[in-house]
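Notes for the one structure printed next.
Protein chains get the first letters and strands the later ones, always in sequence-line order, with residue 1 at the start of each. Just so you know, these numbers come straight off a predicted model, no measurement behind them.
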There are 2 protein chains.
Amino acid sequence: MEKLRQHIEQITPLTDEEFTHIQTFFAIKRVRKNQFLLHEGDEVKHEFLVLQGVYKVFYVDNEGKEHIVQFAQENWWMTDYSGYFKKKPANMFVECLEDGEVLCLTLYGREKLSADLHKMEHFFRVKLTNGYVALQERIRILLSGNPQQRYEEFSKLHPDLLQRVPKKLIAAFLGVSRETLSRLSGSK
Amino acid sequence: MEKLRQHIEQITPLTDEEFTHIQTFFAIKRVRKNQFLLHEGDEVKHEFLVLQGVYKVFYVDNEGKEHIVQFAQENWWMTDYSGYFKKKPANMFVECLEDGEVLCLTLYGREKLSADLHKMEHFFRVKLTNGYVALQERIRILLSGNPQQRYEEFSKLHPDLLQRVPKKLIAAFLGVSRETLSRLSGSK
DNA sequence: TTTATGGTGTGATTCAAATCACATTACGAA
DNA sequence: TTCGTAATGTGATTTGAATCACACCATAAA
């Protein structure tokens, strides 16, 4: 839980009492490679804060193709946010790619924390702000970039993920076929 | 300004004193068709809340093609959020497509309001939450949808915009060529 | 060690959508 | 009204990336 405190205090300082209170809303969970934290159709009970490991958030389209909406690693938050916030069944899967652990937070917990502590509402707002900007950036790349540019942007932004996850998953994240991606990275 | 109050009170009730305070951070601005609220390279001074009219937020790629990141109409917020939040020069343009008016809010104002009033921090968090989910949804469509599906999703989500903005702009929003879109809507 | 399974490169072929090139229509300004 | 400009439809052609099909190489399990 010390990691949680550090994570929050990057945004806002906390007193010991505050943190003690906050803590009670988080449950720790060990996860192993290939384990699913969420299945399509499930109720989306939690949002996850990654303490360790790598994960993918993805869905399967009607042709059976897998598309990755988000990767997550240490200190990233993840879930099927549409399902989580709207209390609808998941359209997505969350799967572990590398053994690790996560903290689980319910929507109730999130809202309660935000209501109880202005600081926490601030924390979540800042996180969302950053997330929003990142998504808008991603849309930009999807709209105008050819596979080459997409790959370069990704490499620049997440050189670490490039090492940690197989290329075929990166392809599924970039919206490019495995083969095309393979030919690209060669030409670089 | 009454519209602003209603807009905020859809999320959280306000006392008169609170609203009086809030109000001081917003400046109203009339805008005419073809007028730019933001140019690429500008400092991104404001975020805008649309009171009336339609607007597009777009950028121009290195081949000179225009890509629309966001449309906005009544009660939507818009700006180049990356530039706004990171205090970097704009990568985007904001242009008016239909006469109207907007409220302008500086980043300072936004942060001040959030710090002063827990309610306002809440308001912004809720807005960001919805925006985040919408962007994630858009990414989903961009990743898996063919032009047909993209168009259908858009029609379902924004039938009003379909009437209000020219097709070629919708094409630029969907990441599809004008011609392809034209052939599609015919086949429907 | 062998065997299987998943990741990856690379050629050949196909195909969907972009591009190019017009014609047509709608609309606002002079 | 007439002119000019923007929006739109539609054919012909090109092209970039997907798909198909395979070989090769890891790593992990038997």
Side-chain angles (χ1 to χ4, degrees), chain A residues 32-36 54-56 58 60-68 71 93 95-99 141-155 160-188, chain B residues 32-36 53-56 58 60-68 71 93 95-100 141-155 160-188:
Chain A
R32 300 226 269 100
K33 184 168 173 173
N34 300 324
Q35 186 181 338
F36 284 80
V54 195
Y55 306 79
K56 64 175 175 180
F58 69 101
V60 177
D61 69 20
N62 21 33
E63 274 111 44
K65 280 206 329 197
E66 178 176 321
H67 300 274
I68 296 181
F71 287 114
F93 301 84
E95 186 180 355
C96 177
L97 302 175
E98 217 182 68
D99 292 7
I141 294 164
L142 285 177
L143 273 182
S144 62
N146 59 30
Q148 169 98 289
Q149 298 167 306
R150 293 186 196 183
Y151 181 71
E152 280 167 13
E153 278 290 337
F154 184 86
S155 311
D160 42 354
L161 281 175
L162 223 52
Q163 308 306 333
R164 273 178 114 174
V165 308
K167 296 271 176 71
K168 65 176 251 186
L169 295 187
I170 304 215
F173 179 85
L174 297 177
V176 168
S177 78
R178 215 207 79 223
E179 294 91 334
T180 298
L181 188 70
S182 163
R183 288 183 243 266
L184 275 181
S185 30
S187 83
K188 237 201 106 188
Chain B
R32 301 225 269 98
K33 185 170 172 171
N34 300 323
Q35 185 181 338
F36 284 81
V54 195
Y55 306 79
K56 62 175 174 178
F58 69 100
V60 177
D61 69 19
N62 21 33
E63 273 111 45
K65 281 205 331 195
E66 179 176 319
H67 300 274
I68 295 180
F71 287 114
F93 301 84
E95 186 180 356
C96 177
L97 302 174
E98 216 181 69
D99 291 6
I141 294 164
L142 285 178
L143 273 183
S144 63
N146 59 29
Q148 169 98 290
Q149 298 168 305
R150 294 185 194 184
Y151 181 72
E152 280 167 14
E153 278 290 337
F154 185 86
S155 311
D160 41 354
L161 282 175
L162 224 52
Q163 308 307 333
R164 274 179 114 175
V165 307
K167 295 273 175 72
K168 64 175 249 185
L169 294 187
I170 305 216
F173 179 84
L174 296 177
V176 167
S177 79
R178 215 206 81 225
E179 293 92 332
T180 299
L181 188 71
S182 165
R183 288 182 243 265
L184 275 181
S185 30
S187 81
K188 238 205 102 184

Expressed as a whole number of angstroms, how long is the span from [X]:[atom1] to [N]:[atom2]?
X: A:E63; N: C:dC15; atom1: CD; atom2: P; answer: 15 Å
X: A:K168; N: D:dA26; atom1: NZ; atom2: C1'; answer: 15 Å
X: B:N146; N: C:dC15; atom1: CG; atom2: C1'; answer: 13 Å
X: B:L97; N: D:dA7; atom1: CG; atom2: P; answer: 10 Å
X: A:N34; N: D:dT27; atom1: CG; atom2: P; answer: 17 Å
X: B:D61; N: C:dA18; atom1: CG; atom2: C1'; answer: 14 Å
X: B:Q148; N: C:dC15; atom1: CD; atom2: P; answer: 19 Å
X: B:E98; N: C:dC27; atom1: CD; atom2: P; answer: 14 Å

So, do [X] and [Y] sit near enough that their side-chain heavy atoms are less than 4.5 Å apart?
X: B:L169; Y: B:E66; value: yes
X: A:I141; Y: A:F154; value: no
X: A:N62; Y: B:Q149; value: yes

With the side chain of [X] defined as its heavy atoms from C-beta on, choose the nearest nucleotide among [options].
X: A:S177; options: D:dA17, D:dA18, D:dG11; value: D:dA18
X: B:S182; options: C:dC20, C:dT10, D:dG9; value: D:dG9
X: A:R183; options: C:dG11, D:dA17, C:dT19; value: C:dG11
X: A:K167; options: C:dG9, D:dT8, C:dG11; value: C:dG9
X: B:E179; options: C:dA18, C:dT19, D:dC20; value: C:dT19

task: Determine, stepwise, if the pair A:V60 / A:F93 fulfils side-chain contact (heavy atoms from CB on, under 4.5 Å).
output: CA-CA 9 Å; A:V60 177; A:F93 301 84; 3.9 Å; yes
message: Could you report the tightest heavy-atom contact between B:H67 and A:S144, atom names first, then the distance?
response: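 Where B:H67 meets A:S144 most closely, the heavy atoms are NE2-CB, 3.4 Å.
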- request: Return the 5'-most residue of the pair A:L169, B:V176 with respect to DNA chain C, ranking by each residue's nearest nucleotide.
  value: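 First, find each residue's nearest nucleotide; the 5'-ward one identifies A:L169.
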- request: Starting from the 5' end of DNA chain C, give me the residue, A:P166 or B:G175, whose nearest nucleotide shows up first.
  value: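 By nearest-heavy-atom nucleotide position, the 5'-most residue is A:P166.
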- prompt: Base, sugar-phosphate, or nothing for A:K65, non-hydrogen atoms under 4.0 angstrom?
  reply: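 Sugar-phosphate: the residue A:K65, judged by heavy atoms under 4.0 Å, touches backbone atoms but no base.
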task: Could you say whether A:R178 or A:P147 is positioned toward the 5' end of DNA chain D, judged by the nucleotide with the nearest heavy atom to each?
output: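 Comparing both residues, the 5'-ward one is A:P147.
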message: For D:dA17 and A:T180 - does any side-chain N or O of the residue sit under 4.0 Å from the phosphate oxygens OP1/OP2?
response: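 For D:dA17, OP1/OP2 do not have a side-chain N/O of A:T180 under 4.0 Å.
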